[in-house]
Amino acid sequence: MSTPFHLTNKTILVTGASSGIGKQVAISCSNMGAKVHITGRDKNRLNDTFKLLSGSGHQQAICDMVNESERTAYIESLPALDGIVHCAGIITPFPVKFIEAKQIKALMEVNFESTVLLVSRLLKVKKMNKNSSIVFISSVSANSPYIGGAMYSASKAAVEAYSRNVAREMSGSGIRSNCIAPAMIDTPIYEDTIRGMNQTAEEYSSKYPLGIGKPEDVANAALFLLSDASRWITGTNMLLDGGYTLTTL
């Protein structure tokens with residue numbers, strides 16, 4: 001049976017692939033037939049991801065996306081891509097009254113500036129094939145504020161705005177740009193978040209009618225947006241929240 005829901009013969013770049021969502025996206029892409037290029041900053045964890053990839057033709061490389069020379073050299077080494085899932089990012093809570101210039105720079109440099117510079121360079125040096133797909137990992141917090149999340153929410157809202165502009169400008173080449181905005185996903189970050197909250201995991205998860213999300217849930221959405229099945233979708237933001245926002249209306 002023929003289906004557009006596959007990545008056979010596609011070359012996909014996954015950033016932030018050493019753990020969490022990025023790790024699962026890389027694995028799922030390989031399971032769907034893609035040749036996957038993965039990058040991250042932790043050599044050992046990135047290699048752990050690489051060992052879990054199905055098929056052949058995959059590549060891994062250590063790269064700090066904030067470092068201009070590393071980022072530029074890595075982009076130059078890449079083949080032409082059919083898709084990218086940009087998962088690299090950080091979450092650092094800052095109460096609004098304590099935010100200073102150094103906090104803005106530290107978080108926005110990773111979550112927004114390096115994101116823009118990565119994609120813009122890929123487009124400039126023609127590393128994105130026609131009809132390719134760009135997927136950014138945003139967050140439900142871009143539109144659902146939380147205590148300490150001012151900078152993180154702002155960075156993800158900025159990524160969503162940038163993605164829409166990419167979609168508008170690159171439509172002539174058939175290049176699509178979309179965001180996935182997950183709520184809480186069961187990753188090591190989730191465990192760290194729960195430890196810092198004044199409630200149990202059970203109390204927090206009760207806010208999610210469908211339960212806490214899994215990395216596979218985000219990966220499956222990314223697979224759809226990378227595949228030809230989503231060829232008519234661009235400039236959108238896919239909310240993945242297990243019903244969380246329904247409980248906050």
Side-chain angles (χ1 to χ4, degrees), residues 15-25 40-42 45 64-67 85-118 135-164 178-219 221-222 237-249:
T15 70
S18 56
S19 66
I21 291 172
K23 179 178 182 178
Q24 185 58 55
V25 168
R41 294 186 295 179
D42 189 303
R45 292 194 300 172
D64 182 352
M65 288 296 167
V66 173
N67 186 299
V85 185
H86 187 51
C87 303
I90 58 174
I91 300 176
T92 307
F94 292 116
V96 291
K97 65 182 178 181
F98 295 124
I99 295 173
E100 298 179 355
K102 62 182 179 180
Q103 281 87 29
I104 298 173
K105 176 177 170 54
L107 195 142
M108 294 298 284
E109 192 173 46
V110 175
N111 287 6
F112 182 66
E113 182 180 327
S114 65
T115 299
V116 171
L117 295 176
L118 167 67
V135 180
F136 299 98
I137 303 300
S138 180
S139 168
V140 67
S141 65
N143 294 292
S144 297
Y146 64 96
I147 295 174
M151 289 311 307
Y152 182 70
S153 295
S155 72
K156 292 304 185 180
V159 167
E160 291 182 10
Y162 174 69
S163 175
R164 290 191 292 271
N178 295 284
C179 290
I180 297 173
M184 191 61 74
I185 303 297
D186 189 5
T187 66
I189 290 177
Y190 167 64
E191 297 170 5
D192 292 341
T193 301
I194 291 298
R195 280 195 291 269
M197 299 175 68
N198 294 321
Q199 56 186 317
T200 65
E202 291 74 19
E203 290 171 332
Y204 184 78
S205 63
S206 68
K207 299 177 181 179
Y208 290 76
L210 298 182
I212 298 297
K214 300 293 184 182
E216 291 85 352
D217 297 317
V218 183
N237 186 44
M238 184 184 294
L239 179 65
L240 303 180
D241 71 347
Y244 171 77
T245 52
L246 296 175
T247 68
T248 59
L249 294 176

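As the structure is a prediction and not an experimental result, all values here were calculated from the model.
Residue I90 holds its CD1 atom at 4.5 Å from CG of L107, rounded to the nearest 0.5 Å. If you take CG on L239 and SG on C179, they are separated by 12.0 Å, rounding to the nearest 0.5 Å. Rounding to the nearest 0.5 Å places CE of M151 at 10.0 Å from OG1 of T92. The line from CE of M184 to NZ of K207 is 9.5 Å long, rounded to the nearest 0.5 Å. Note that OG of S141 is 12.0 Å distant from CG of D241, once rounded to the nearest 0.5 Å. The CG atom of N111 sits 8.0 Å away from atom CD1 of I91, with the distance rounded to the nearest 0.5 Å.
Remark: side-chain polar atoms of S114 are paired, donor with acceptor, to backbone N or O of V110 under 3.5 angstrom. Put simply, the side chain of Y244 never gets that close to the backbone of V140: no donor and acceptor are under 3.5 Å apart. Between the side chain of S18 and the backbone N or O of R45, no donor-acceptor pair lies under 3.5 Å. Side chain of S155 to main chain of F112: no donor-acceptor pair is present (N/O by atom type, distance under 3.5 Å, no hydrogens or angles). T15 places a side-chain N or O within donor-acceptor distance of the main-chain N or O of C87, the cut-off being under 3.5 Å. Judged by distance alone, with hydrogens and angles left aside, the side-chain atoms of K105 form no donor-acceptor pair with the main-chain N or O of E100 at under 3.5 Å. Here the side chain of S205 pairs no donor or acceptor atom with the backbone of I212 at under 3.5 angstrom. With E109 contributing its side chain and A106 its backbone, the two residues share no donor-acceptor pair below 3.5 Å. Counting only distance, with no hydrogens or angles, the side chain of D186 and the backbone of P215 share no donor-acceptor pair below 3.5 Å.
A side chain to side chain contact (heavy atoms under 4.5 Å, CB included) with I137 holds for exactly one of V159, V218, V25, T115; it is V218. A side chain to side chain contact (heavy atoms under 4.5 Å, CB included) with V85 holds for exactly one of I21, V135, I180; it is V135.
Of all heavy-atom pairs spanning Q103 and F94, the tightest one is CG-CE2, 2.9 Å. In terms of heavy-atom proximity, K214 sits nearest to I185 at C-CG2, 3.5 Å.
With contacts defined as side-chain heavy-atom distances shorter than 4.5 Å, the pair S19/T187 does not qualify. The closest side-chain heavy-atom distance from N143 to E160 is below 4.5 Å. For the pair Q24/E216, a side-chain contact is recorded, criterion being any heavy-atom separation below 4.5 Å from C-beta on.
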